> 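For reference, the structure I am asking about is given below.
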Amino acid sequence: METIRILDYQPQFAEDFKRLNIAWISKYFVVEPHDLEQLDHPYEHILHDGGQILFALQGDTVVGTVALVKVDNSTMELAKMAVDENVRGLGIGKKLCLAAIEKARESGTKHLFLESNRKLAPALALYTTVGFQEVAMQDTPYSRADIRMAMDFE
């Protein structure tokens with residue numbers, strides 16, 4: 001397997017951000033309006049106020065992505081993590097997750113959370129492995145979200 005590189009957002013990868021996320025969301029759930037806001041307009045809904053989007057590349061091919069959505073000066077949401085179905089199980093999701101956690105920490109974030117669904121057992125196991133813990137659900141724009149996990153930085 002070629003080495004996986006993690007890169008910051010580059011406009012030429014915007015379609016890959018959407019492609020990967022639409023593929024995984026539509027496999028398990030229904031693509032919702034809030035998904036399309038972020039996927040169609042990543043600059044306006046993620047990047048413009050300090051959020052970030054990372055990409056995993058295998059050679060020149062984008063095989064994974066994850067976003068950090070800034071909620072306020074101390075809180076970010078880890079969102080829109082997707083890995084190409086053809087390369088799942090190779091640790092790409094973990095590399096993306098760890099890179100996003102490090103970016104959140106470097107940005108001064110104190111609280112990082114994510115929302116997911118309990119039927120995504122491999123993803124939940126990954127999140128637990130990298131340090132997320134289940135916390136109480138809060139209001140969410142996603143009907144599919146039934147679990148919230150978080151970590152705090154000191």
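Computed from a prediction, not measured in an experiment: that's the story for all the values here. Numbering of residues begins at 1 and proceeds along the displayed sequence.
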> Between Met149 and Ser116, is there a side-chain heavy-atom distance shorter than 4.5 Å?
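The answer is no; the side chains never approach within 4.5 Å.
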> After noting the C-alpha distance and the side-chain angles of Val130 and Lys94, does the key distance pass the side chain to side chain contact (heavy atoms under 4.5 Å, CB included) rule?
CA-CA 8 Å; Val130 299; Lys94 185 173 186 178; 4.2 Å; yes
> Any salt bridge between Lys103 and Asp8, counting N to O under 4.0 Å?
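Counted as a salt bridge, because a side-chain N and a carboxylate O are separated by less than 4.0 Å.
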> Please determine whether residues Met76 and Met81 belong to a single hydrophobic cluster, defined as Ile, Leu, Val, Met, Phe, Trp and Tyr linked transitively by side-chain heavy-atom distances below 4.5 Å.
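Yes, it is one cluster - the side chains of Met76 and Met81 are joined through contacts under 4.5 Å.
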> How about Gln133: does its CD atom have over 12 heavy atoms from other parts shown lying under 6.0 Å from it?
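No.
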> Hey, what do you get for CG (Asp49) to OH (Tyr43), rounding to the nearest 0.5 Å?
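The OH atom of Tyr43 is 9.0 Å from CG of Asp49, to the nearest 0.5 Å.
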> When clusters are formed by joining ILVMFWY residues with side-chain heavy atoms under 4.5 Å apart, either directly or through shared neighbours, do Ile147 and Tyr127 land in the same one?
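Same hydrophobic cluster.
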> Heavy-atom count check: over 12 atoms from other residues, nucleotides or ligands less than 6.0 Å from Asn73 CG?
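Atom CG in Asn73 is not crowded, with 12 or fewer foreign heavy atoms closer than 6.0 Å.
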> A side-chain contact here means heavy atoms from C-beta on lying under 4.5 Å apart; do Leu57 and Phe13 qualify?
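Yes, at least one pair of side-chain atoms sits under 4.5 Å.
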> Of the non-hydrogen atoms in Leu112 and Thr109, which two are nearest, and what is the gap between them?
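Closest heavy-atom pair between Leu112 and Thr109: N-CG2, 4.4 Å.
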> Got a second to check how far Asp35's CG is from Ile22's CD1, nearest 0.5 Å?
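Taking CG in Asp35 and CD1 in Ile22, the distance rounds to 6.5 Å.
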> Could you report the tightest heavy-atom contact between Ile4 and Ala56, atom names first, then the distance?
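That would be CG2-CB, 3.9 Å.
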> Taking the side chain from Arg148 and the backbone from Leu114, do they hold a donor-acceptor pair closer than 3.5 Å?
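It does not hold such a pair.
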> Going hydrophobic residue to hydrophobic residue with side-chain gaps under 4.5 angstrom, can you get from Leu98 over to Val63?
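Yes; Val63 is reachable from Leu98 via cluster members.
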> In sequence, state the C-alpha distance, the side-chain angles, and the governing distance for Phe29 and Leu120, and then conclude on side chain to side chain contact (heavy atoms under 4.5 Å, CB included).
CA-CA 11 Å; Phe29 308 103; Leu120 301 174; 3.9 Å; yes
> For the atom pair CG (Asn21) and OG (Ser26), what is the distance rounded to the nearest 0.5 Å?
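Result: 10.0 Å between the selected atoms.
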> Taking His48 for the side chain and Glu44 for the main chain, is one N or O donor matched with an acceptor at less than 3.5 Å?
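Looks like yes, one N/O pair under 3.5 Å.
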> Quick one: does Lys119's side chain have a donor or acceptor within less than 3.5 Å of a partner on Tyr28's backbone?
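A pair under 3.5 Å: yes.
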> Heavy-atom distance under 4.5 Å between the side chains of Pro141 and Glu32, does that happen here?
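Not touching, per the 4.5 Å side-chain cut-off.
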> Start with the C-alpha distance between Arg144 and Ile25, add both sets of side-chain angles, then the distance that settles side chain to side chain contact (heavy atoms under 4.5 Å, CB included), and finish with yes or no.
CA-CA 10 Å; Arg144 66 180 174 265; Ile25 294 168; 3.8 Å; yes
> Taking side chain as C-beta onward, heavy atoms only, is Val69 less than 4.5 Å from Gln38?
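The answer is yes; the side chains approach within 4.5 Å.
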> Shortest non-hydrogen contact from Ile6 to Ala99?
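Result for this residue pair: CG2-CB, 3.8 Å.
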> Do Phe113 and Val135 have side chains that approach each other closer than 4.5 Å (heavy atoms only, starting at C-beta)?
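The answer is no, as the side chains (C-beta and beyond) never meet within the 4.5 Å cut-off.
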> Could you state whether Ile53 and Ile101 fall into the same hydrophobic cluster, counting links through intermediate Ile, Leu, Val, Met, Phe, Trp or Tyr residues with side-chain heavy atoms under 4.5 angstrom apart?
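Different clusters: Ile53 never reaches Ile101 through Ile, Leu, Val, Met, Phe, Trp or Tyr contacts under 4.5 Å.
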> Would you sort out whether Leu124 and Phe132 count as a side chain to side chain contact (heavy atoms under 4.5 Å, CB included), showing the intermediate values?
CA-CA 9 Å; Leu124 299 180; Phe132 284 94; over 6 Å; no
> Kindly compute the distance separating CG (Asp84) from CD (Gln58), expressed to the nearest 0.5 Å.
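With rounding to 0.5 Å, CG (Asp84) is 9.0 Å from CD (Gln58).
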> Would you say the side-chain atoms of Thr65 pair up with the backbone N or O of Leu54, donor to acceptor, closer than 3.5 Å?
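Yes; judged by distance alone, with no hydrogens or angles, the pair exists.
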> Would you call Lys18 and Glu15 a salt bridge, taking side-chain N to carboxylate O under 4.0 Å as the test?
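Not counted as a salt bridge, because no side-chain N and carboxylate O are separated by less than 4.0 Å.
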> Can you find a pair of side-chain heavy atoms, one from Ile46 and one from Phe17, that are under 4.5 Å apart?
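When only atoms from C-beta onward are counted, Phe17 and Ile46 do touch, with a gap below 4.5 Å.
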> Hey, any chance Leu47 and Leu78 share a hydrophobic cluster, counting ILVMFWY side chains that come within less than 4.5 Å of each other, even indirectly?
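In one cluster: no.
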> Mind listing the closest non-hydrogen atom pair of Ala145 and Glu115 along with its distance?
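The answer is CB-CB, 3.9 Å.
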> Just wondering, do Tyr142 and His34 contact through their side chains at under 4.5 Å, heavy atoms?
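With C-beta onward as the side chain, the pair touches.
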> With a 4.5 Å heavy-atom cut-off, do Asp40 and His45 have their side chains touching?
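No, every pair of side-chain atoms sits at 4.5 Å or beyond.
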> Of all heavy-atom pairs between Ser107 and Ala104, which one has the smallest distance, and what is that distance?
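Heavy-atom minimum between the residues: OG-O, 2.7 Å.
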> Considering residues, nucleotides and ligands other than Asp72, do more than 12 of their heavy atoms fall under 6.0 Å from its CG?
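Correct, the count exceeds 12.
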